A.B. asks: 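Let me give you the structure first, and then I'll get to my questions.
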Amino acid sequence: MARFKSFQEGSMTILNDSTDKVENGTTLTVHSAFLGAWALQYDPLGDVLHPPQWAIETSCEVIGSKSDSLALLLQSAHHDEEQPTPFSLLGHRIQTEEAVWGNTFKAIIDPSYCEGYWEWLEDILSRHEQMLKKAKIYEAIYASLFSYDRLGSVMRHFCELWSPSTNTLHTAAGEMSISLWDLRALGGLPISGLIYDEAVPHADELIGVDKDNTYYLPVNCRYLFLAYHRLLTDSKKGEVKIDAWVKFWFKGKISYSKSSRKTSRNKTQRPANVNNPSGTIGEAQVRTPKQEEVFTILGVKETQKDVTHLAAFLACWLCKFVLPVGSYELIRPGVFKVAAMMARGTRFCLAVPVLASIYRGLNDIAKSSNPGKCDAVFPVHYVYAWLGEYFSTHFSSGSQPSTQRPKMIRYGGERVAKQLDEAEALDLFRKCDDLVMDRFAQRQGKSKELVDDGQLSDWETEYLISIRSGYLTLRSGSTKVIEPYNPHRFSRQFGFTQDVPGRLNVNIRICSLKNIVKHFESLVREKSHSKLRLPNRADRRAIPITKAYLKWWSYVYGDYFQSSAKHSARGKRPASPKQQVVKAKKLATAEPRTDLLTIQMNGGNHDLVKSVVPLNKTADERSSCEDRNWRHLKKKSGCGIAERVNVSFNDVDKLLEGVPSGTQPIQANQVEEGDIIHNSKDENFILLDEQSMSGESVHGPSSFDLALRQRQRPNHAFGTIRLPFSSNPSKLGLAAPSTVTAYDTGSAIVDARRAACLILDNSIKSILRKTPLEKLASLRPKLQKIYDEFSKFQVDYSPLQIEIEKHIQNVGNYISMRSGFANGVTLEVQVQRLADVDQRLTNALALDGQKLQRAQALSFELNGIGPKRAKLLKELELLDLQEDKLKKSIDEIDAERAQDQHVIANLQAERATLEAAEVIEKDDMEVANNLEQLLKSERDEIQNLAWLP
């Protein structure tokens with residue numbers, strides 16, 4: 001018979017029977033429990049993170065309104081006033097080369113096909129529908145009946161725009177994020193319920209009983225540990241894989257196989273065959289003798305077969321689909337406790353730990369210096385479904401989900417993600433075409449207020465929880481995760497008007513087990529008596545953001561998408577400025593070539609790329625070097641190598657005035673980034689560098705930029721500084737276009753020097769762009785070194801030097817001016833902050849009033865304690881008197897007992913004498929009685945004897 005024993009503190013050992021040695025058993029680490037008799041003790045946070053009102057109607061300027069209007073704004077419990085600091089995104093670090101994706105995308109590990117899982121799932125759904133609905137997980141389990149596809153280009157841009165500091169996605173339209181309500185609506189994950197307690201239980205908890213002789217944990221839980229022990233013993237790697245777990249428990253027919261078709265993605269429609277189950281659940285079948293073998297092996301009783309079989313599947317489902325931690329392939333014994341309780345109909349909160357895992361996984365990628373090889377493991381299929389719902393990244397099946405089928409299954413199937421290149425993927429978040437943020441918002445026909453008094457329906461309770469700010473938590477064995485949850489930052493998804501969200505005042509990312517329980521309890525807390533007014537249909541606005549939010553977002557976000565369009569190429573890092581200068585110097589000593597062309601753009605002539613075909617080749621040889629793909633160059637022996645030059649169009653004309661160049665005008669709207677342009681006259685080629693073209697010139701301005709342009713003014717004057725709003729600096733002068741199209745042998749050297757100057761110019765501007773303003777003055781030594789390089793090429797760099805020096809001086813004046821503003825605010829900011837402070841003061845006074853009422857009630861209760869205490873003291877005196885009487889009575893009884901001891905001793909002696917006396921037998925008694933009768937007869941004869949004569 002199997003034995004569960006804790007031979008060491010903090011561990012549990014599983015043995016086949018009591019005669020097995022400890023080293024032959026399976027020893028598992030035991031962690032503190034959140035539930036049950038061994039639950040961790042903690043002091044709850046109470047209502048600290050629960051304001052009286054979660055939504056406040058206030059007067060503010062809303063986009064599209066001519067004057068102030070009432071707007072319903074969602075509040076936060078853990079944010080302060082906003083500090084206008086730009087966010088640090090992975091996309092920024094990609095642009096500055098602090099991070100690189102590499103040539104492959106392995107940042108996210110997806111769950112792989114597992115033979116028998118879908119068949120086992122269909123069997124479970126047919127047998128246990130009612131129990132799964134009782135536990136509120138039928139829809140969530142049904143969602144795992146399908147695979148979910150992803151496209152690397154979309155996920156790359158999604159990760160580049162994900163902000164770890166706020167757990168939000170930054171789009172041109174503002175912040176968005178995956179919410180708890182999204183997980184419920186898309187994946188059917190319950191929001192309310194017990195805390196997810198993934199930990200191996202103590203042996204005494206696993207097999208022990210309480211005072212009512214009831215087991216602490218369901219009996220089916222120990223069968224899961226026995227199966228794990230058996231499979232681990234047979235494993236050679238010391239781990240139990242999910243496929244081995246499925247094969248052990250499921251002995252039915254295999255109907256689905258791994259897809260071997262390697263089909264390309266479709267850009268226009270959903271594939272006809274997505275290699276997934278149909279979703280139809282048939283009737284439950286009677287188990288065959290082969291399917292009964294597992295119960296015989298484990299010794300499962302007849303009454304425990306169904307719940308044990310269900311618990312075994314739930315353990316697999318939790319590890320593979322809902323909460324993969326570390327690996328999609330392994331069974332974690334810590335899930336057995338939760339699985340066994342779920343199989344009995346216990347409801348657990350799954351949305352909170354799942355969202356915590358998603359946030360942490362995305363943050364790990366966004367913070368990595370090599371995100372392409374981050375190997376993050378989290379339930380990413382919920383992210384794919386979220387992108388498909390909000391950004392139409394997948395082909396939908398078109399079927400309408402029923403109450404038993406979650407919405408995410410519309411995006412299930414192989415190769416249903418749309419084929420999007422890098423530019424198209426970026427445009428999803430840059431243009432936000434057809435984006436509907438409030439698609440899951442619960443709007444009412446009339447104004448409705450939810451009061452958290454314990455009387456709300458299930459959906460109302462879960463909707464209220466999903467809107468409240470707090471901290472998401474997850475504990476999986478020794479892994480602890482806590483992430484801020486900020487729904488007020490993406491309140492438009494719930495139908496509210498978006499205002500400046502503020503700054504997180506306590507950024508908790510690491511905490512103890514007790515704090516994990518505390519924050520979970522606070523997040524899903526019920527009966528907090530806080531209120532939430534839901535937006536009604538009449539409140540819906542075309543652009544539900546305040547003007548303050550528009551101004552704030554335009555400041556903190558800047559021109560990311562314009563910069564990102566220039567850095568959309570993936571793969572190797574570009575050459576450093578130093579390497580580019582070395583390459584240019586080598587080029588200056590190369591064989592002369594008359595092959596440089598010029599593209600005329602934005603009113604100026606700018607050299608882009610040297611031809612890749614030497615002119616001493618024949619026409620056929622030059623033709624053989626052409627690339628059939630039109631986007632790249634063939635790497636073939638004898639062909640030249642393309643040399644890209646990053647060109648800035650700001651003030652190069654003035655800098656290189658007097659340096660000759662050829663001219664060949666080409667309109668910008670006739671070519672695309674990366675295209676090879678053929679000049680039929682000279683039979684040369686020009687490769688358009690994507691970084692040489694502005695984002696707007698290729699893709700057009702974003703919708704967010706268009707909203708900002710109507711707010712721009714000519715310029716702002718700050719003392720001695722004039723800072724233009726235009727992103728294009730004023731031109732230093734225009735160079736007359738050259739009409740020379742061919743040069744002698746020395747012109748190639750001049751062109752090479754010109755190219756080197758372009759590289760140096762680009763290097764200076766790159767340094768200026770990446771250097772913070774407060775450190776700009778420290779660049780003078782580095783800039784002087786570059787000026788020295790210009791001198792070697794005999795170029796007059798004084799215009800550039802003068803402008804840069806003027807800029808550095810302006811920056812110094814600006815910093816001095818800003819330092820004077822440290823303690824001051826503008827009138828607009830003052831009014832806004834006063835309104836915010838007044839609102840918070842009102843909330844604080846209301847909260848203080850509630851506390852005062854509570855204190856008065858406690859004072860009244862305290863006043864009633866005095867009389868009760870006096871009464872109890874009098875009763876105590878009576879009890880003392882009674883105690884004395886009882887003690888006196890006891891003493892009297894003891895004295896009487898002392899006298900009785902003498903009598904008792906005599907009786908005991910008499911008894912001993914009697915016990916020592918010889919016992920007369922019955923026969924002897926009869927003889928004695930006869931003798932006695934004879935004696936009586938003799939006595940009578942003597943009495944009657946007449947012996948005298």
Side-chain angles (χ1 to χ4, degrees), residues 34-35 39-58 72-81 192 194-195 447-457 460-461 463-465 467-471 473 484-485 488 502 504-506 508 511-534 833-883:
F34 290 160
L35 302 172
L40 193 67
Q41 300 299 313
Y42 67 96
D43 297 324
L45 293 176
D47 295 333
V48 175
L49 297 178
H50 292 266
Q53 293 282 351
W54 283 104
I56 297 178
E57 190 173 48
T58 184
L72 195 59
L73 306 180
L74 192 60
Q75 303 298 298
S76 171
H78 55 21
H79 272 64
D80 293 330
E81 292 184 10
S192 60
L194 298 178
I195 185 172
S447 295
K448 181 176 181 179
E449 186 175 61
L450 302 181
V451 181
D452 188 16
D453 56 0
Q455 303 300 317
L456 299 176
S457 63
E460 290 174 335
T461 298
Y463 194 68
L464 177 61
I465 293 173
I467 283 181
R468 301 186 308 205
S469 59
Y471 295 89
T473 61
Y485 180 58
H488 71 291
L504 188 66
N505 51 27
V506 181
I508 304 175
C511 68
S512 63
L513 284 178
K514 287 187 177 181
N515 283 333
I516 284 182
V517 185
K518 287 181 180 181
H519 285 293
F520 173 83
E521 187 274 338
S522 176
L523 183 65
V524 301
R525 184 181 180 84
E526 298 183 23
K527 299 182 181 180
S528 65
H529 299 287
S530 58
K531 300 177 181 180
L532 171 68
R533 178 187 164 186
L534 296 178
R833 291 187 178 180
L834 283 174
D836 182 61
V837 170
D838 289 341
Q839 184 62 58
R840 288 190 289 135
L841 179 60
T842 301
N843 295 340
L845 290 174
L847 183 60
D848 183 67
Q850 294 179 0
K851 291 182 179 179
L852 178 60
Q853 293 178 0
R854 178 61 176 164
Q856 291 174 348
L858 293 176
S859 298
F860 179 78
E861 186 177 351
L862 180 62
N863 293 333
I865 291 177
K868 292 181 181 179
R869 180 183 295 171
K871 183 179 179 180
L872 292 174
L873 289 174
K874 185 175 290 186
E875 291 181 1
L876 182 61
E877 292 177 358
L878 294 175
L879 290 175
D880 290 340
L881 292 174
Q882 187 177 359
E883 182 184 15

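Throughout, residue positions are numbered sequentially from 1 according to the sequence presented. None of these values were measured; they are calculated from a predicted model.
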A.B. asks: Given side chains that start at C-beta, do those of Thr842 and Gln53 come closer than 4.5 Å, heavy atoms only?
C.D. replies: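 Answer no - side chains too far apart.
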A.B. asks: Could you tell me if the side chain of His519 sits less than 4.5 Å from the side chain of Ile508, heavy atoms only?
C.D. replies: yes
A.B. asks: Is the side chain of Asn863 donor-acceptor paired with the backbone N or O of Ser859 at a distance under 3.5 Å, no angle test?
C.D. replies: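 Checked: pair present.
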A.B. asks: Let me know which of Leu74, Leu532, Asp452, Leu49 forms a side chain to side chain contact (heavy atoms under 4.5 Å, CB included) with Arg468.
C.D. replies: Asp452
A.B. asks: Between Glu875 and Leu872, does a side chain to side chain contact (heavy atoms under 4.5 Å, CB included) hold up when you go through it step by step?
C.D. replies: CA-CA 5 Å; Glu875 291 181 1; Leu872 292 174; 3.8 Å; yes
A.B. asks: Could you check if a side-chain atom of Glu57 sits within less than 4.5 angstrom of a side-chain atom of Leu72, using non-hydrogen atoms only?
C.D. replies: yes
A.B. asks: Could you measure the distance from the CG atom of Leu845 to the CG atom of Leu847? Nearest 0.5 Å is fine.
C.D. replies: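 If I round to the nearest 0.5 Å, the distance is 9.5 Å.
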A.B. asks: Can you find a heavy atom in the side chain of Tyr42 that is under 4.5 Å from one in the side chain of Asn515?
C.D. replies: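 Not in contact.
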A.B. asks: Counting distance only, does the side-chain N/O of Ser522 pair as donor-acceptor with the main-chain N or O of Lys518 below 3.5 Å?
C.D. replies: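 Checked: no pair found.
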A.B. asks: Would you give the length of the straight line joining atom CD of Gln856 to atom CD of Gln853, rounded to the nearest 0.5 angstrom?
C.D. replies: 7.0 Å
A.B. asks: Roughly how far, to the nearest 0.5 Å, is the CZ atom of Phe520 from the CG atom of Leu194?
C.D. replies: 7.5 Å
A.B. asks: Identify the heavy atoms of Tyr471 and Pro484 that sit nearest to each other, and give their distance.
C.D. replies: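 Shortest heavy-atom contact: CD2-CA, 3.8 Å.
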A.B. asks: Taking atom OG1 of Thr58 and atom CG of Leu73, what is their separation to the nearest 0.5 Å?
C.D. replies: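 CG of Leu73 is found 6.5 Å from OG1 of Thr58.
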A.B. asks: Given Leu464, which of Val524, Leu456, Val451 fulfils the side chain to side chain contact (heavy atoms under 4.5 Å, CB included) condition?
C.D. replies: Leu456
A.B. asks: When rounded to the nearest 0.5 angstrom, what distance separates CG in Leu878 from CD in Glu883?
C.D. replies: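 The CG atom of Leu878 sits 12.5 Å away from the CD atom of Glu883.
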A.B. asks: Calculate, to the nearest 0.5 Å, the distance between atoms CG and CG belonging to Leu876 and Leu881 respectively.
C.D. replies: 10.0 Å
A.B. asks: Between Gly470 and Leu523, which heavy-atom pair has the shortest distance, and what is it?
C.D. replies: CA-CD1, 4.0 Å
A.B. asks: Would you check if Gln75 and Ser469 make a side-chain contact, meaning some heavy-atom pair closer than 4.5 Å?
C.D. replies: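 Not in contact.
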A.B. asks: Return the minimal non-hydrogen interatomic distance between Lys448 and Glu460, and the atom names on each side.
C.D. replies: NZ-OE2, 2.6 Å
A.B. asks: In the structure I gave you, are the side-chain heavy atoms of His529 and Asp453 within less than 4.5 Å of one another anywhere?
C.D. replies: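 Yes, close enough: below the 4.5 Å cut-off.
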A.B. asks: Is there side-chain contact between Glu861 and Leu858, with at least one heavy-atom pair below 4.5 Å?
C.D. replies: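 SC-SC contact between Glu861 and Leu858 confirmed.
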